[in-house]
There are 2 protein chains.
Amino acid sequence: MAISNSNNRFSSKLTSQCQNCSLSALCLPIALADEDVNRLDQIIERKRPLKKGEILFHQGEEFDSVFAVRTGTLKTYNITNSGEEQITGFYCPSELVGLSGIDENHYPVSAKALETTTVCEIPFAHLEQLSSQIPSLKHQLFRLMSRKICDDQQMMVLLGKKNADEKVASFLLNLSHRFKKRGYSATAFRLSMSRGEIGNYLGLAVETVSRVMTRFQKNGLIDVDGKEISIINLPEMEKLVGSAGECATIEHV
Amino acid sequence: MAISNSNNRFSSKLTSQCQNCSLSALCLPIALADEDVNRLDQIIERKRPLKKGEILFHQGEEFDSVFAVRTGTLKTYNITNSGEEQITGFYCPSELVGLSGIDENHYPVSAKALETTTVCEIPFAHLEQLSSQIPSLKHQLFRLMSRKICDDQQMMVLLGKKNADEKVASFLLNLSHRFKKRGYSATAFRLSMSRGEIGNYLGLAVETVSRVMTRFQKNGLIDVDGKEISIINLPEMEKLVGSAGECATIEHV
DNA sequence: GCGAATATTTGATCTACATCAGCGAGTCAA
DNA sequence: TTGACTCGCTGATGTAGATCAAATATTCGC
């Protein structure tokens, strides 16, 4: 769980900037010239950390900002008419939350911290304005939204076509890829969400998630210790999933 | 199935324009000034109609354009590693297809015509460029992508949480809403997709779709005659679904 | 560090929906 | 018109995973 800039993980509002953020290569500033990063930086507000369980925004609230996760994890979820929660996504550092609010000018989901989490608030009106002046920022925004569409559609395939084993394997590999991209280990990580939340997200009962993970462990695919996961047999896991588990199609990875 | 501008449905490349397209209020030109519609119009290429079964673009192909459906219907689908088709969406007139290709510069899905279908091709590089000059166009693009994200997440909820009855009811009501928005009847319409395609999209077996629809008919909810559907008891259908079946949350419809 | 609340695991049973199979109707090419 | 397909419907049967139940294990407030 080492992170290269661990000493500024909870740095103050004043010192943290895109320029010296280890995530800038994955986040919005990607492909921006230094001076443009500065301009972006100026519209971003660093917020105090959210404690576990705290809500970043509520379903139905007026939309005004998107948020980049800096540290920690968020989940977004809907409350269905029957009162149940349906989790629609988990968000790791560098990922953008809230894009679904642009259309109706209200957030259609709520976002809650799964652990202590810091975010950068990016007022969307400013971001949009700035994106007019910085074409590469606009392009990056289009790309991020496109990727989200793409990822969500992969999720639809998962929910519609895959069985419990494939769902859980896809989920773990997806996390693995995201951690790897961020410089963490691809094979050993900590789940910030509960079994219940995993099941909710994957369209499975808690018990099923638990059973599948136990079976994976028995078969030497993974090692489970509570929330700590080690992927022992990555090739076998990938075979189980079939595809990359991310948006990428085979042809152009 | 009457359409207000029926006499120019298959009009030539030269005469059809955004300006006199009945869909302009729903499509990209929404909220654009007349002169800006003209500019948009100039980058759009009207294509010859696709026949049923023809492919607009293939999964893996290089991305260069998004397409607005003018008449007819498209489906987008993935071929999974196990060789099955997974349908990820159906597209009605005025809806934009291909946005998921922006991120990786390749289409992650294929798009196929379900019936004779005409589309407007919008080269994305041009569109993006134009969007720098026309803020309201850029905003409309963001909104459309945001709405897609939102809709896809509603679909995830459907696939993850709903039973067969709720899935089919949601599907029919969703189509109903989309037809209504386009000036068609909300209660009587023709399904351009087969039962198999509906099942594939909803994560159900063909037989289940068929059984559910027969049962709905028996219970006086709908009237089914092959591909022709009439919704008899709209309130009851809505009760079955619970929510609006679209992205909208209750608070701000 | 203690005890209550909550999360996870495991086993037994149930069920919604898939799968398999067979039939009738519509479509199309020759 | 006929035969070959494809599509939709219905009945019988099988099963993956839900649900119910209960025993740990963990977390958290104090």
Side-chain angles (χ1 to χ4, degrees), chain A residues 51-54 73 75 80 82 84-87 112-116 158-172 190-219 222-229 240, chain B residues 51-53 75 80 82 84-87 112 114-116 158-172 190-219 221-229 240:
Chain A
K51 283 192 292 244
K52 178 174 176 170
E54 269 191 280
T73 325
K75 69 171 173 184
T80 66
S82 43
E84 322 161 82
E85 169 175 322
Q86 167 68 42
I87 297 174
K112 186 184 269 192
L114 295 180
E115 55 191 320
T116 303
L158 178 144
L159 289 168
K161 283 267 176 304
K162 296 191 178 179
N163 63 28
D165 284 15
E166 292 166 339
K167 284 180 179 179
V168 174
S170 299
F171 176 72
L172 293 176
R190 169 167 236 279
L191 300 173
S192 48
M193 63 294 289
S194 71
R195 301 287 191 276
E197 288 167 325
I198 297 173
N200 181 304
Y201 180 60
L202 297 177
L204 296 173
V206 203
E207 295 92 328
T208 305
V209 174
S210 179
R211 274 185 258 267
V212 169
M213 289 179 66
T214 309
R215 184 149 34 77
F216 280 179
Q217 165 143 272
K218 218 174 289 177
N219 296 341
I222 61 175
D223 189 60
V224 187
D225 176 19
K227 296 200 176 269
E228 299 293 338
I229 299 283
L240 197 54
Chain B
K51 283 191 292 244
K52 178 176 173 167
K75 69 172 173 184
T80 66
S82 43
E84 320 162 83
E85 169 175 323
Q86 166 69 41
I87 297 174
K112 186 185 268 191
L114 295 181
E115 55 191 321
T116 304
L158 179 144
L159 289 168
K161 282 269 176 303
K162 296 191 178 179
N163 63 27
D165 284 14
E166 292 166 339
K167 284 181 179 180
V168 174
S170 299
F171 177 72
L172 293 175
R190 168 168 236 280
L191 300 173
S192 47
M193 63 294 289
S194 71
R195 301 287 191 275
E197 287 168 326
I198 297 173
N200 181 303
Y201 180 59
L202 296 178
L204 295 173
V206 203
E207 295 92 328
T208 305
V209 175
S210 182
R211 274 185 256 266
V212 170
M213 289 180 65
T214 308
R215 185 151 32 77
F216 280 179
Q217 165 143 273
K218 218 174 289 178
N219 296 341
L221 291 175
I222 60 175
D223 189 61
V224 187
D225 177 21
K227 296 199 178 269
E228 299 293 338
I229 299 283
L240 198 53

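Naming: A, B, ... by sequence-line order, numbering from 1 per chain.
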Kindly write out the residues that satisfy side-chain hydrogen bond (donor to acceptor under 3.5 Å, both in side chains) with A:T80, not counting sequence neighbours, or none if the list is empty.
A:S82
Given B:F216, which of B:L240, B:I229, B:V224 fulfils the side-chain contact (heavy atoms from CB on, under 4.5 Å) condition?
B:L240
side-chain hydrogen bond (donor to acceptor under 3.5 Å, both in side chains) pairs, two or more places apart, involving residues 200-212 of chain A
none
Could you work out, with side-chain hydrogen bond (donor to acceptor under 3.5 Å, both in side chains) as the rule, every residue matching B:K161, not counting sequence neighbours?
A:Q86
B:K75 and B:E197: CA distance, side-chain angles, deciding distance, side chain to side chain contact (heavy atoms under 4.5 Å, CB included) verdict:
CA-CA 9 Å; B:K75 69 172 173 184; B:E197 287 168 326; 2.8 Å; yes
To the nearest 10°, give me the bend of the helix from C:dG1-D:dC30 to C:dA30-D:dT1, comparing the axes of its five terminal pairs at either end.
60°
Can you tell me how far C1' of D:dA18 sits from NZ of B:K161, to the nearest Å?
12 Å
Please name the pair of heavy atoms, one in A:K227 and one in A:M193, separated by the smallest distance, quoted to 0.1 Å.
NZ-O, 3.2 Å
Sorted by chain and residue number, the side-chain hydrogen bond (donor to acceptor under 3.5 Å, both in side chains) partners of B:Q217 (sequence neighbours excluded) come out as none
Between A:K162 and A:S170, which heavy-atom pair has the shortest distance, and what is it?
NZ-OG, 3.2 Å
The side-chain hydrogen bond (donor to acceptor under 3.5 Å, both in side chains) partners of B:E115 (sequence neighbours excluded) come to B:T73
Please check: side-chain N/O of B:E228 versus main-chain N/O of B:D225, any donor-acceptor pairing under 3.5 Å?
no
To check you understand the geometry: which heavy-atom pair defines the closest contact between B:K52 and B:L114, and what is its length?
CG-O, 3.5 Å
For B:D165, which residues count as a salt bridge (charged side-chain N to carboxylate O under 4.0 Å, His left out) partner, sequence neighbours excluded?
B:R215
Partners of B:E166 by salt bridge (charged side-chain N to carboxylate O under 4.0 Å, His left out), sequence neighbours excluded?
none
Of B:L204, B:L172, B:V168, B:V209, the one forming a side-chain contact (heavy atoms from CB on, under 4.5 Å) with B:I198 is B:V209
Do any N or O atoms of the protein come closer than 3.5 Å to N or O atoms of nucleotides 22-27 of chain D, and which pairs are they?
none

Positional range of nucleotides in DNA chain C within the contact set of chain B, heavy-atom, under 4.0 Å:
C:dC17 to C:dC20
Scan residues 196-205 of chain B against DNA chain D and write down, sorted by residue number, each residue with any heavy atom closer than 4.0 Å; if none is found, say none.
B:G196
Base versus backbone protein contacts along nucleotides 9-14 of chain D [heavy-atom cut-off under 4.0 Å; B, S, -]:
BBBB--
Provide the closest heavy-atom pair for B:G203 versus B:L159 in the form atom of the first, atom of the second, distance.
N-CD2, 4.1 Å
Taken to the nearest whole Å, NZ/A:K162 to P/D:dG17 is 13 Å
